[in-house]
Student: 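Please see the structure below; I have some questions.
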Amino acid sequence: MKYPYTQQFRQNLVEWFHREQRNLPWRHTKDPYKIWVSEVMLQQTRVDTVIPYYQRFIDKYPTLESLAGADEEELLKMWEGLGYYSRARNLQAGVREVVEKYGGTVPNNRHDLQKLKGVGPYTAGAILSIAYNLPEHAVDGNVMRVLSRVLHITEDISLPRTRKIFEKAVDELIHPDYPGDFNQALMDLGAMICTPVSPKCLLCPVREYCLGFMEGDADQLPIKTKKTKSKNEYYDVYIAVNDGKILFERRPSEGLLANMWQFPMMPKKQPSENTWEPFELKYNVTITKVLEENFVEQKHVFSHLTWNMSCHLIEISENGPFPDSVQFVTLKEMEALPLPVPMAKIMNILNRYIFHSPE
DNA sequence: AAGTCGGGGGC
DNA sequence: GCCCCAGACTT
C-alpha cells in the first residue's frame, strides 16, 4: 500500500525546517565547491566536529583552484584529527578533475559528479539538491533512520542494497520546490528530533504522518543487524633521540593513516614479544642509552582495530643511511607534519615529560 | 556483500 | 564498554 501523506509530510517538514533549522557555516553559501567540502567532511562525522575544520579549511582553500594547487602534506595537516584521511586526498583529486575536465565548474548532474573521486551517491545528491536546487535524493544513515520510521520500512539498513529502497522513497517524497531544504530537513530532523535513541516524537513536526509513531515502534527502527568486530594489535613504539632530534617516519602511501607521520613502530604478535634488536636492524640505528624503558602504555581504538602501544624512550646513534620515509626531526619541525591522533597523544605526553618534568 | 578506513560523543 | 555518525572505495 502506498504512503498516503506525501503532500502533508513534505510540506510540514520543510516548514519546520524554515523555522527551526540549525545555523551552520555551510548554509550561508550556495557555492558548489564549499557544499562539496562540507559534505565530504560530514561523511561519518558529526556536525559539531566538522564546524571548526570547515572554517579553517575554507579560509585556507577558499576556491576550488586553491585546493587543486595545495601541497598534499599541508592538506593532510588541515585534515589532522578529522579521520578518514583518504577523504582529503580524494577531495583534492576530485577538485583537480573538475579544474581539468570541466573548466573549474562543478558538474550539475549525477552521472558526472559520481565519477569524481570521493563523490558517491549521497554526496552527489547533496551537492545537486543543495547547491543546484535539483530534486535528487541524498540518502545517508540519518535519512534511512528517519524514513524507516516515517514509512515503517523494516529492511536491514546494514545491507548495501537496502539504500535503493530509501532512494526510491525520497524520489517520491522530495519537495519539488525545495529539494535542498527537504534533504537538509531530513538531516536536521534526524539530528534534533528523530534521534537514534530516545526519539522526541512528541516534539516531531511530522508525527501525524509517521507510520512508526502510529504503530508505536518508531524507537525500534531502523533494523540494523551487522555488527563490527575489532581486533587487537600490539606495537613497540620507539621515541628515539639523537642530538635533540627524534627519529620519525612517514607511513606508506596506501592503507591505514596513509602518508601520515609516526614514531617508529614495531608490530608484535604477543605483548611480551621483544623487538629491540629487530628495531635496531630495521632502522639501522644503535641504541646507546635507555632513558625510560616503559615510558608509557598507550591504547588507541579505531573502528575496526585497537592499537596497544608500549612506548620506549631511548637514545640512539645516527648510523644510516635512512630511506626517504625516515628522518630525524626537531620538535619544531614535527609540528608541521600531519600526525594521527595516537601519535599526537604520545607527543603530548612527551612534551609534558620534557618541559614539566620534576627532575 | 563484506572489509577497510578515524575519531569522538552519548549513554 | 558499545553504538553511531551528512559514506566511499576496494575486493
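Proteins come first, then strands; the chains are lettered A, B, ... in the order of their sequence lines, and each starts at number 1.
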Student: Determine the contact category for A:Trp79: base if any of its heavy atoms lies under 4.0 Å from a base atom, sugar-phosphate if only primed atoms, P, OP1 or OP2 are that close, otherwise nothing.
Tutor: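 Answer is nothing: A:Trp79 stays at 4.0 Å or more from every strand.
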Student: How would you list, by chain and number, every residue that makes a ring pair (Phe, Tyr, Trp, His ring centres under 6.0 Å) with A:Phe322, sequence neighbours excluded?
Tutor: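 With neighbours one apart ignored, the set is A:Phe328.
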Student: Between B:dC11 and C:dA6, how far apart are the two C1' atoms, rounded to whole Å?
Tutor: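 One C1' to the other, the span is 22 Å.
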Student: In the 5'-to-3' direction, what one-character label does each nucleotide of nucleotides 3-11 of chain B receive under the scheme B = base within less than 4.0 Å of a protein heavy atom, S = sugar-phosphate only, - = no such atom?
Tutor: -SBBBBB--
Student: Could you tell me which residues satisfy salt bridge (Lys or Arg N to Asp or Glu O under 4.0 Å) with A:Asp188, sequence neighbours excluded, listed by chain and number?
Tutor: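 Partners of A:Asp188 by the salt bridge (Lys or Arg N to Asp or Glu O under 4.0 Å) criterion, ordered by chain and then number, come out as A:Arg22, A:Arg27.
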Student: Contact class for A:Leu24 vs. all strands (heavy atom < 4.0 Å): base, sugar-phosphate, or nothing?
Tutor: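 Base contact.
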Student: Identify, with sequence neighbours excluded, every residue that meets salt bridge (Lys or Arg N to Asp or Glu O under 4.0 Å) alongside A:Lys282.
Tutor: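 Listed in chain order: nothing, the list is empty.
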Student: What distance, rounded to whole Å, do you find between the two P atoms, one in B:dG3 and one in C:dC3?
Tutor: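 It works out to 16 Å between them.
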Student: Base, sugar-phosphate alone, or nothing: which one does A:Thr123 contact when heavy atoms must sit under 4.0 Å apart?
Tutor: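 Result for A:Thr123 = sugar-phosphate.
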Student: List the residues meeting ring pair (Phe, Tyr, Trp, His ring centres under 6.0 Å) with A:Tyr283, not counting sequence neighbours, and say none if there are none.
Tutor: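 With sequence neighbours excluded, A:Tyr283 shows a ring pair (Phe, Tyr, Trp, His ring centres under 6.0 Å) to A:Phe279, given in chain and number order.
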Student: Looking at residues at least two apart in the chain, or sitting in another chain, which of them share a salt bridge (Lys or Arg N to Asp or Glu O under 4.0 Å) with A:Glu136?
Tutor: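 Partners of A:Glu136 under the salt bridge (Lys or Arg N to Asp or Glu O under 4.0 Å) test: A:Arg110.
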Student: Reading 5' to 3' and counting Watson-Crick or G-U wobble pairs with both distances under 3.5 Å, write the dot-bracket notation for DNA chain B, | for bases paired outside the strand.
Tutor: |||||.|||||
Student: Going by side chain to side chain contact (heavy atoms under 4.5 Å, CB included), name the residues that satisfy it together with A:Gln11, two or more places apart in sequence or in a different chain.
Tutor: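 Partners of A:Gln11 under the side chain to side chain contact (heavy atoms under 4.5 Å, CB included) test: A:Glu15.
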Student: Below 4.0 Å from chain A heavy atoms, what is the first contacting nucleotide of DNA chain C and what is the last?
Tutor: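 With heavy atoms of chain A under 4.0 Å away, the range is C:dG1 to C:dC9.
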Student: Can you list everything that forms a ring pair (Phe, Tyr, Trp, His ring centres under 6.0 Å) with A:Phe263? Sequence neighbours excluded, please.
Tutor: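 Per chain and number, A:Phe263 pairs via ring pair (Phe, Tyr, Trp, His ring centres under 6.0 Å) with A:Phe248.
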Student: In whole Å, measure the gap between the P atoms of B:dG6 and C:dT11 for me.
Tutor: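 16 Å, rounded to whole Å.
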Student: Is it the case that A:Thr45 and A:Tyr53 place a side-chain donor and acceptor less than 3.5 Å from each other?
Tutor: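 There is no such pair between these side chains.
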Student: Under the rule for ring pair (Phe, Tyr, Trp, His ring centres under 6.0 Å), what residues qualify as partners of A:His18, not counting sequence neighbours?
Tutor: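 Here the qualifying residues are A:Tyr178.
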Student: Would you indicate what A:Arg22 reaches in the nucleic acid, counting non-hydrogen atoms under 4.0 angstrom: base, sugar-phosphate, or nothing?
Tutor: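 Touches a base.
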Student: If you pin A:Lys117 and A:Asp188 to their nearest nucleotides in DNA chain C, which one's is more 5'?
Tutor: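 With A:Lys117 and A:Asp188 compared, the 5'-side residue is A:Asp188.
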Student: Run the salt bridge (Lys or Arg N to Asp or Glu O under 4.0 Å) test against A:Glu167 and tell me which residues pass, sequence neighbours left out.
Tutor: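 With neighbours one apart ignored, the set is A:Arg163.
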Student: Over all strands shown, is A:Lys115 touching base, sugar-phosphate only, or nothing at heavy-atom distances under 4.0 angstrom?
Tutor: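 No contact.
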Student: Taking the six-membered ring for Trp and the single ring otherwise, decide whether the centroids of A:Tyr235 and A:Trp307 are under 6.0 Å apart.
Tutor: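 Aromatic pair counts; centres sit under 6.0 Å.
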Student: Please classify the nucleic acid contact of A:Arg251 as base, sugar-phosphate, or nothing, using heavy-atom distances under 4.0 Å.
Tutor: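 The answer is nothing, as A:Arg251 stays clear of every strand by at least 4.0 Å.
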Student: Identify whether any heavy atom of A:Val47 sits under 4.0 Å from a base atom; if not, whether one sits that close to sugar-phosphate; answer base, sugar-phosphate or nothing.
Tutor: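 Counting heavy atoms under 4.0 Å across all strands, the contact made by A:Val47 includes a base.
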